[in-house]
Enquirer: 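Following this message is one structure expressed as structure tokens.
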Amino acid sequence: MKATIERLISAALVALPSELLSSNANAIKPEVERTRDTSHGDYATNIAMRLAKSVRLNPKAFAAELIKALPEHPDVARVEIAGPGFINFHLTANAYHNEIRRVLDLQSTYGRADPNTRPSILLEFVSANPTGPLHVGHGRHAAYGAALGNLLAAIGHTVTREFYINDAGRQVDILGLSVWIRYLEHFGEALPFPANGYKGAYLAPIATSLAATANKEFFRGAASIVADLPADEANGGDKDLYVDALIARARSLLGELGFQAIVNHALNGMLADMRADLEAMGVHFDKWFSERSLTTSGAIDSALDRLEKSGNTYRKDGAIWFKATSFGDDEDRVVERENGIRTYFASDIAYHLNKRVRGYSHLIDVLGADHHGYVARVRGGLAAMGEPPESLEVALLQLVNLYRGDEKVAMGKREGNFVTLRQLREEVGNDACRFYYVSRSHDQQLDFDLELAKRRTTDNPVFYIQYAHARVASVFRQLVERDLIHDEKVGYGALNRLAQDHEHKLMVTVTRYPEIIDLAAATRTPHTLVNYLRELATDFHAAYAAGNENAAHRFIVDDAELRNARLSLVLAARQVIRNGLDILGVSAPQTM
RNA sequence: GCGCCCGUAGCUCAGCUGGAUAGAGUACUUGGCUUCGAACCAAGUGGUCGGAGGUUCGAAUCCUUCCGGGCGCACCA
């Protein structure tokens with residue numbers, strides 16, 4: 001409907017008398033928005049106020065000219081000038097009836113553009129380190145990323161959802177070491193747990209499965225392992241030196257292959273757990289991309305090559321530096337250390353180059369707000385390698401604070417006392433979880449109240465919306481009980497019988513859905529959709545309650561035309577609620 | 001010190017990339033179930049949009065500055 005108005009205005013702009021014609025009339029995209037106040041009609045545009053100056057006319061006079069040039073359209077009942085120069089469009093009732101019929105015809109595709117009508121997007125999110133289970137912070141990334149992916153797909157992008165596995169580097173070695181120690185304990189060989197190791201209980205099952213598959217293949221005596229090692233933190237030493245020495249000892253005792261086998265076992269165990277966790281949350285990834293593969297495939301080599309060939313690297317203090325300052329970063333960055341080992345940043349730019357090489361024109365990274373400093377660096381890397389830096393878009397998500405009522409739940413990752421995503425989902429349920437995470441703007445810190453999320457009452461919006469859906473289902477159950485059926489043909493033809501204010505309001509809100517999807521996708525704000533669904537549920541509940549005030553306003557009435565028309569409207573509302581919840585990854589229940 | 005995010009009703013937050021009289025939920029006050037689910041609805045109370053300047057037809061929104069809160073500023077990932 002909005003597109004229709006936009007087209008009419010565009011047509012009027014080029015049809016204006018020549019002295020009023022803007023030189024770039026074809027390029028001007030009219031801004032059309034829903035009116036907030038029904039007395040202002042259905043849609044309004046501010047175009048006359050925007051353009052008046054350039055044609056040296058006051059906005060109202062220009063608006064009058066524009067209206068003269070406006071083509072006729074059956075959906076438009078009348079057009080008028082209001083306020084400082086707004087042009088207000090009043091639509092016919094039939095325009096809305098047609099849109100309701102479209103909802104019912106298109107069903108789950110209502111509000112969706114044709115697939116592949118926009119550029120392909122690589123959407124990377126979560127990408128948690130595989131050294132610990134997903135926690136509540138990752139949950140926000142999962143829920144946001146999944147919802148954003150659905151929104152982008154809904155407006156016609158082809159979306160590849162990707163999880164970047166940080167399976168290279170020291171942290172992963174420490175993970176393998178930690179599992180190895182637990183494995184040794186399994187066979188009764190105890191050595192003091194390194195201060196820098198991963199102490200969490202979540203490694204126990206992985207160590208147990210290692211023991212089951214490998215038996216004593218990796219068993220070594222504690223004495224031989226700790227012999228001549230520097231002191232750990234507990235004994236007044238340095239925890240980093242100690243853990244690195246311990247890893248080196250493990251490598252020498254087990255051989256590189258042996259140690260790698262343990263690391264891989266640990267990694268696979270952690271990844272399987274994260275994947276299961278995410279799938280249970282309804283968050284699916286199309287690809288799990290290994291950081292290690294960047295080394296083995298030579299992607300890092302070729303990325304650094306490209307940097308060097310473009311003259312954007314130099315050597316200093318034995319290390320290789322990238323001239324990040326030439327591309328807007330605060331300081332230059334090391335890509336290869338003195339010891340010949342590449343930095344994390346090296347694999348990062350290689351990874352983003354790889355995304356481009358794989359053919360994605362647009363890249364979106366969903367990152368924690370604490371990574372904001374990293375954006376300029378990676379963009380700079382892309383630019384230095386000859387890729388457009390603006391092809392990388394970054395959505396920064398603010399922190400999640402967990403509350404139980406008024407009490408903040410303390411979380412420390414090192415201590416291993418953080419609440420996992422799995423615990424959260426089990427406690428509050430998946431729907432409340434998915435909904436809550438995306439209910440606030442992503443650049444706002446999120447206070448996740450466990451008590452509120454669990455509450456099955458009106459102050460919990462997820463149930464409020466789901467209840468609207470279940471209520472429609474209940475109406476149709478009632479219909480069956482009364483031996484009636486919904487005659488869609490009659491309903492389609494009788495939509496003009498919907499004369500009540502609350503019916504009209506509901507109809508208007510239902511038809512806003514495609515505009516909301518466009519907006520939420522364009523601004524990367526799933527919470528826009530959340531707010532809309534709440535409004536839609538409100539309008540539905542109001543229409544429903546009208547029947548409690550006055551039986552003549554019920555959906556199921558004796559008058560067959562009216563009944564079927566109302567049922568059609570209610571069905572359209574249900575469809576839109578369902579489509580919206582589907583994008584958010586929240587279920588639309590028939591009963592509650 | 002530099003960078004990013006935030007500051008809107010008692011509380012939690014929206015505010016459609018600058019529009020018309022700033023909105024929801026919650027809390028509080030009041031009213032509404034003998035047939036479609038009251039897990040609901042209706043009405044009311046509640047605002048210096050952190051402060052001060054500026055940009056223009058028009059600012060909660062953009063710019064500058066100050067105040068307050070959060071997060072970053074590695075040859076860690």
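Atoms considered below: every heavy atom in the structure, side chains included; atoms not considered: hydrogens, waters and symmetry mates. These figures come from a predicted structure and were not determined experimentally. Within every chain, numbering begins at 1; the chains are lettered A, B, ... in the order of the sequence lines, protein sequences first and strands thereafter.
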Enquirer: Hey, does the side chain of A:Gln445 come within less than 4.0 Å of B:U12's phosphate (OP1/OP2), counting only N and O?
Expert: no
Enquirer: Using a strict cut-off of less than 4.0 Å between a Lys/Arg side-chain nitrogen and an Asp/Glu carboxylate oxygen, indicate whether A:Asp559 and A:Arg497 qualify as a salt bridge.
Expert: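 Counted as a salt bridge, because a side-chain N and a carboxylate O are separated by less than 4.0 Å.
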Enquirer: Once you apply a heavy-atom cut-off of 4.0 Å, does A:Asn88 come out as touching a base, just sugar-phosphate, or nothing?
Expert: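 Base: the residue A:Asn88, judged by heavy atoms under 4.0 Å, touches a nucleobase.
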Enquirer: Which is true for A:Gly169 with a 4.0 Å heavy-atom rule: it touches a base, it touches only sugar-phosphate, or it touches nothing?
Expert: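 Result for A:Gly169 = nothing.
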Enquirer: Side chain of A:Asp447 only, please: which of B:C75, B:A77, B:C13 is the nearest?
Expert: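 From the listed options, B:C13 comes nearest.
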Enquirer: How far does the P atom of B:G31 sit from the matching atom of B:G50, given to the nearest Å?
Expert: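 Approximately 37 Å lies between the P atom of B:G31 and that of B:G50.
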Enquirer: Is the phosphate of B:C36 approached by A:His553 (side-chain N or O, under 4.0 Å from OP1 or OP2)?
Expert: no
Enquirer: Return whichever of A:Ser439 or A:Ala551 has its heavy-atom-nearest nucleotide of RNA chain B closer to the 5' end.
Expert: A:Ser439
Enquirer: In whole angstrom, give me the gap between the P atoms of B:C2 and B:U61.
Expert: 24 Å
Enquirer: Between A:Asp167 and A:Arg292 (side chain of the first, backbone of the second, donor and acceptor by atom type, cut-off under 3.5 Å), is there such a pair?
Expert: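 Present.
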Enquirer: Look at the side-chain N and O atoms of A:Tyr464 and state whether any lies under 4.0 Å from the OP1 or OP2 oxygen of B:C41.
Expert: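 So the side chain of A:Tyr464 is within the cut-off, an N or O lying under 4.0 Å from OP1 or OP2 of B:C41.
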Enquirer: With nearest nucleotides of RNA chain B determined for A:Asp443 and A:Arg377 from heavy-atom distances, which residue corresponds to the more 5′ nucleotide?
Expert: A:Asp443
Enquirer: With hydrogens left out and only the distance checked, is there a donor-acceptor pair under 3.5 Å joining A:His372's side chain and the base of B:G72?
Expert: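 Check fails, no donor-acceptor contact within cut-off.
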Enquirer: Mind checking if A:His40 touches a base, just sugar-phosphate, or nothing, with heavy atoms under 4.0 Å?
Expert: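 Since a base atom lies under 4.0 Å of A:His40, the category is base.
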Enquirer: Could you check whether A:Pro84 gets within reach of a base, just the sugar-phosphate, or nothing at all, counting any heavy atom under 4.0 Å?
Expert: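 Since a base atom lies under 4.0 Å of A:Pro84, the category is base.
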Enquirer: Nearest whole angstrom, please: distance from the P of B:A20 to the CD of A:Glu31.
Expert: 13 Å
Enquirer: Look at atom CG of A:Asp501 and say whether more than 12 heavy atoms of other residues, nucleotides or ligands are closer to it than 6.0 Å.
Expert: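 Open: at most 12 neighbouring heavy atoms sit under 6.0 Å from CG of A:Asp501.
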Enquirer: Say we look at B:C4 and B:A9: how far apart would their P atoms be, to the nearest angstrom?
Expert: 26 Å
Enquirer: Could you state the atom-to-atom distance from CZ of A:Arg554 to P of B:U34 in whole Å?
Expert: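 My rounded result for the distance is 11 Å.
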Enquirer: Under the criterion of centre distance below 5.5 Å and interplanar angle below 30°, is A:Tyr544 classified as stacked on the base of B:C36?
Expert: yes
Enquirer: Pair A:Tyr437, A:Phe448 - check ring pair (Phe, Tyr, Trp, His ring centres under 6.0 Å), show working.
Expert: CA-CA 8 Å; A:Tyr437 271 132; A:Phe448 198 120; 5.2 Å; yes
Enquirer: Please state how far atom CG in A:Leu399 lies from atom P in B:C5, giving the value in whole angstrom units.
Expert: 15 Å
Enquirer: Report the nucleotide, chosen from B:C40, B:C16, B:G72, that has the shortest atom-to-atom distance to any side-chain atom of A:Leu519.
Expert: B:C16
Enquirer: Hey, is the side chain of A:Arg440 poking within less than 4.0 Å of OP1 or OP2 on B:C6, counting only N and O atoms?
Expert: no
Enquirer: Looking at A:His135 versus A:His138, is the centre-to-centre ring distance below 6.0 Å?
Expert: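 Ring centres of A:His138 and A:His135 closer than 6.0 Å.
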Enquirer: Using a cut-off of 4.0 Å on non-hydrogen atoms, how would the nucleic acid contact of A:Ala468 be classed: base, sugar-phosphate, or nothing?
Expert: nothing
Enquirer: Check for a donor-acceptor pair, side chain of A:Arg404 on one end and backbone N or O of A:Leu450 on the other, with a separation under 3.5 Å.
Expert: no
Enquirer: Using the P atom as the reference point in each nucleotide, state the distance between B:G15 and B:G23 in Å, no decimals.
Expert: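 Between the two P atoms, the distance is 15 Å.
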Enquirer: With rounding to the closest Å, how many angstrom separate the P atoms on B:A43 and B:C5?
Expert: 39 Å
Enquirer: Rounding to an integer number of angstrom, what distance separates B:C49 and B:G10 when you compare their P atoms?
Expert: 12 Å
Enquirer: I'd like the C1' distance from B:C75 over to B:A14, given in whole Å.
Expert: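 Per the computed distance, 45 Å lies between those C1' atoms.
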Enquirer: Taking atom P in both B:G18 and B:C13, what distance in whole Å separates the two?
Expert: 24 Å
Enquirer: Roughly, in whole Å, what's the span from CD1 in A:Ile165 to C1' in B:A77?
Expert: 15 Å
